[in-house]
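As structure tokens, the structure follows; a few thoughts come after it.
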Amino acid sequence: MADWKQVAARLFPDVTRTPDDLEALYPPRALAEGARVTRIAPSPTGYLHLGVFFTALVNRLTASTTNGVFYFRLEDTDKKREVEGGADDILKGFNDYGLTIDEGFVAPGVVHGDYAPYQQSQRVDLYHVYVKSLVEQGLAYPCFCSEEERQQAREAQEAAKCRTGYYGPYAKCRALTPDEALARIDAGTPCVVRLRSGGDESRRIAFTDLIKGKIEMPENDEDLVLLKSDGVPTYHFAHAVDDHLMRTTHVIRGDEWISSVPKHLELFRVLGFKPPKYAHVAPLMKEDGGGKRKLSKRKDPEAAMHYYASEGYPADSVLEYLFTVVNSDFEDWRRCNPDANRAAFPFNFKKMSVSGALFDLAKLSDVSKNVIARMTADEVTDAVLAWAKDYDPTFYETLAADPAFARGIFAIDRGGAKPRKDMAKWSDAPDYAAYFFDGGMDDGWELPEHLKAADAVAVLQAYKVAYDPAADKDAWFAAVKALCEPFGFCPDVKEYKKHPDDFKGHVGDVSTILRLAVTGRRNTPDLCAIMQLLGKDRVIARIDRAIQNLSE
RNA sequence: GGCCCGAUGGUCAAGCGGUUAAGACACCGCCCUUUCACGGCGGUAUCACGGGUUCGAGUCCCGUUCGGGUCACCA
């Protein structure tokens, strides 16, 4: 009569270490009381998803605010879904947004830390040590069921209207004796290793989620797969082993995991590990036909962090917005600390939303406008240039041809106490700056309805005479004002409002005529500054063209 | 369908048994203003529904409805 020890030995002939050995190899961390160890553990299945980034941010904040450690572990146990270079994309994304990683994979090609390896595909020996031990104890067993068999069992369960899954009486291989198991291993039948669950579906297990509060669920009674037939662990098992061995104190992850917590708790129990604290983060949602749904990697371009770079949202804007979603009191804090570094924000689980928040691009825009409004002309120019180089080569050429002129464009109305908020993202820049370039001005503009072309022509002709390219802002305005009365416009807006019928319009209308002639638009920054930047020749040429257009 | 979570304006949300139910975005109006902006002030608009408990319920309990998540050798 064989026993489970023999089965374990047959299953894992190369495993010589014991759980105690590993315990010694990866000792508890020497950290101060209260320091939290957190991690992000993405799988390299493609580009960096906004949701992953968001979760990483919460992990980062949790570690930072407690002087703990935030590490990056690669969950590359699913070779089928793996994407070449996926890990580097994710890491690069973190780096781009200034999200620093303390340990594990910290940058593309850079890994360090005392709890290595940080890549699950390189940790299989470790997992096997524990599985072997569980099999020896009779707490896990090999299962030889084929996909077809499981499928059939499932259909039978559905027909009988009972819970589907591999548990209790439906766990066929659970009944195998060590001898039977040995025979099938020797016959070369592929197998997985399953947990022999001691759970009871009718009992309930309670735990406290740091975000959602107390949660109660039926115990797990499923004989979940620990090791797949290729010897690689499932997420559940890897989670228990890795987070224990890496001494994670707080597991912060997407709330799609919440229903697996009973499984995880059972695993920690049978392995003799102290379970971590859990915090399950609600997903970012998107409005979709009246309802809302989780941001989808496939359907929604804004689910990719890359989207924000290509649209030209400054990293700072994205972060600033994400913080408003992370903690509901962030905006209050920001109002009180307008210049403070976000790292100083006192992050708190209790201020996190329990249910999914709609990702609001309009709000992002507003936040971003404020961020950009605080930047200097040089910063804006550099950022626009950097963005254009990658995403709008034509615009880049245009700007790069005359950097000083480019800088001049973005310097207008910037830096004062009342900054303009014209741009929410760098991709707004080409349109914003279009009329500064001769080919970019739209000549198809029309006068506001209450103004007559003849009056406009008269104003423009007079302005040509009065125009002084060297005039400062006051002189410039005086010249505009002087144009009013001769042509029936009121130089004083208040006065005009008292007697609107006495005038053709007010000084604002005169400005509008000039603005349209020079820029082709009704909305622009300070006209005086624009004209100075444009220079005399261009201004005169444009006024002439306007006069001609209006005269036709 | 089973299990779990949730529900305050169009959106993000504060609220922890007694409030005129904060604030932000968006929208609208007014003011300021050389134009355009910025800014300031104001406005429209919310406690999903039904039962309890209570002197009193957005807040506590139970149902209903709706929304989300999850039920793999994926994570």
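Per chain, numbering begins at 1; letters A, B, ... match sequence-line order. Just so it is clear, the model here is predicted, and its values are computed rather than measured.
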Using side-chain heavy atoms (C-beta onward) and a distance below 4.5 Å, is A:Phe323 in contact with A:Trp333? no
Considering Watson-Crick and G-U wobble pairs with both distances under 3.5 Å, what does B:rA48 pair with? B:rU64
Applying a 4.0 Å non-hydrogen cut-off, can you work out what A:Arg334 is touching in the nucleic acid: base, sugar-phosphate, or nothing? nothing
Within the structure shown, what part of the strands sits under 4.0 Å from A:Ser229 by heavy-atom distance: base, sugar-phosphate, or nothing? base
I want to check something: taking the side chain as every heavy atom from C-beta on, are A:Lys263 and A:Thr234 in contact at a cut-off of under 4.5 Å? no
Under 4.0 Å, counting only non-hydrogen atoms across every strand here, what does A:Arg521 touch: a base, just sugar-phosphate, or nothing? nothing
Checking B:rC36, B:rU34, B:rA13 against the side chain of A:Ser353 (C-beta onward), the nearest is B:rA13
For B:rG18, the Watson-Crick or wobble partner whose two distances fall under 3.5 Å: B:rC55
My understanding is that a pair needs two contacts under 3.5 Å, Watson-Crick or G-U wobble. By that rule, which nucleotide pairs with B:rU33? none
Quick one: label A:Cys145 by what it contacts on the DNA or RNA (base, sugar-phosphate, nothing), any heavy atom closer than 4.0 Å. base
Taking only the side-chain heavy atoms of A:Arg335 (C-beta and beyond), determine which of B:rA24, B:rU70, B:rA72 contains the nearest atom. B:rA24
Considering every strand and a 4.0 Å limit on heavy-atom distances, what is the contact class for A:Thr524: base, sugar-phosphate, or nothing? base
Quick one: label A:Val354 by what it contacts on the DNA or RNA (base, sugar-phosphate, nothing), any heavy atom closer than 4.0 Å. sugar-phosphate
Does the ring centre of A:Tyr278 sit less than 6.0 Å away from the ring centre of A:Trp257? no
For A:Asp230, which contact category applies under a 4.0 Å heavy-atom criterion: base, sugar-phosphate, or nothing? nothing
By the 4.0 Å heavy-atom rule, please label A:Glu147 as base, sugar-phosphate, or nothing. nothing
Closest of B:rA37, B:rC73, B:rU70 to the A:Asn523 side chain is B:rA37
Base-pairing mate for B:rU11 - Watson-Crick or G-U, with both contacts under 3.5 Å: B:rA24
Check every atom of B:rA14, B:rG39, B:rA24 against the side chain of A:Lys363 and return the nucleotide holding the closest atom. B:rA24
Of the nucleotides B:rA26, B:rU34, B:rC38, which has the atom closest to the A:Ser511 side chain? B:rU34
Once you apply a heavy-atom cut-off of 4.0 Å, does A:Lys161 come out as touching a base, just sugar-phosphate, or nothing? nothing
Check every strand shown and say whether A:Ser260 touches a base, only sugar-phosphate, or nothing at a heavy-atom separation below 4.0 Å. nothing
Should A:Tyr321 and A:Asp366 be marked as a side-chain hydrogen bond (donor to acceptor under 3.5 Å, both in side chains) after you check the CA-CA gap, both sets of side-chain angles, and the distance that decides it? CA-CA 9 Å; A:Tyr321 171 67; A:Asp366 178 72; over 6 Å; no
Please tell me which of the listed nucleotides, B:rC3, B:rU70, B:rG6, lies nearest to the side chain of A:Pro218? B:rC3
Tell me what A:Arg154 touches on the nucleic acid: a base, only sugar-phosphate, or nothing, going by heavy atoms under 4.0 Å. sugar-phosphate
Scan A:Lys481 against the nucleic acid and name what it touches under 4.0 Å (heavy atoms): base, sugar-phosphate only, or nothing. nothing
Among B:rA37, B:rG68, B:rC73, which is the nearest nucleotide to the side chain of A:Arg420? B:rA37
A:Pro419 has a side chain; which of B:rA14, B:rC73, B:rC38 sits nearest to it? B:rC38
Base, sugar-phosphate alone, or nothing: which one does A:Arg204 contact when heavy atoms must sit under 4.0 Å apart? sugar-phosphate
How would you label the contact of A:Lys263 with the nucleic acid (heavy atoms, under 4.0 Å): base, sugar-phosphate, or nothing? nothing
Taking the side chain of A:Asp332 as its heavy atoms from C-beta onward, which of B:rA75, B:rG23, B:rC38 lies nearest to it? B:rG23
Which of B:rG68, B:rA75, B:rA24 is nearest the side chain of A:Glu331? It is B:rA24
Less than 6.0 angstrom separating the ring centers of A:Phe349 and A:Phe347, yes or no? yes
Taking the cut-offs as 6.0 angstrom to the six-membered ring centre and 45 degrees off its axis, would you call A:Arg194 and A:Tyr166 a cation-pi pair? yes
Which nucleotide, in any strand shown, forms a Watson-Crick or G-U wobble pair with B:rG1, with both distances under 3.5 Å? B:rC71
